[in-house]
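Here's the structure, in C-alpha cells; my notes come after.
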Amino acid sequence: MDKRSLYDGLNEFEEDLQKLSQNLMEMKGSLQELVEKNATLELENQRLRERIHELSQQDAKLPEREKQELSRSRLNLEKIYEEGFHVCYDLYGARREHDEPCAFCLEVIYRDSSNK
Ligand SMILES: [Zn+2]
C-alpha cells in the first residue's frame, strides 16, 4: 500500500467513523424520546386507572337521588372512551387499538341508563 492510498483509506475510515458516530447519536436520541414517551404513557395510564377506579366506586355507591352525579360520571367514562381508552373492567385504561369499538366498554357506560 502506497502513502497515497493509505491516506485515502484513512480518510474513508474517518468518514465512516463520523457517520457511525452520527448514527449512534441519533439512535440515542430516539431511545431517549421513547423512554420519555413510555414514562408519560405509564403515568397517563396510571392516572386513568385511578380515575376509572374512582368513577366505578362512585357509581357503585350512588343512591338513586344522585342521578345527576351518576350521569356526570357516565359522561366522564364516555369521554375517556372517546379519547381512545377502554373503560371496561378487564381492559380499563388500555388503549383501544385503532379505536376499535368495545361492547364491554359500552355496557359500562350505558348500562341501566334508560331505566334510572
Ligand atoms: Zn373495553
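Order of listing sets the numbers, starting from 1, for every ligand and every atom in it.
- One finds the CD atom of Glu42 at 8.0 Å from the CG atom of Asn45 (value rounded to the nearest 0.5 Å).
- In this structure, CG in Leu20 is found 13.5 Å from CE in Met25, a value given to the nearest 0.5 Å.
- Within the protein, the number of N, O or S atoms lying under 2.8 Å from the Zn ion (ligand 1) is 4.
- Applying the salt bridge (charged side-chain N to carboxylate O under 4.0 Å, His left out) rule to Glu54 yields the partners Arg51; only residues at least two apart in sequence or on another chain are considered.
- Alongside Phe13, the hydrophobic cluster contains Leu17 (criterion: ILVMFWY side chains under 4.5 Å).
- Of the residues Ile52, Ile80, Leu48, the one that meets the side chain to side chain contact (heavy atoms under 4.5 Å, CB included) test with Tyr92 is Ile52.
- Taking the side-chain contact (heavy atoms from CB on, under 4.5 Å) definition, one finds that Asn11 meets it with Tyr7, Glu14, sequence neighbours left out.
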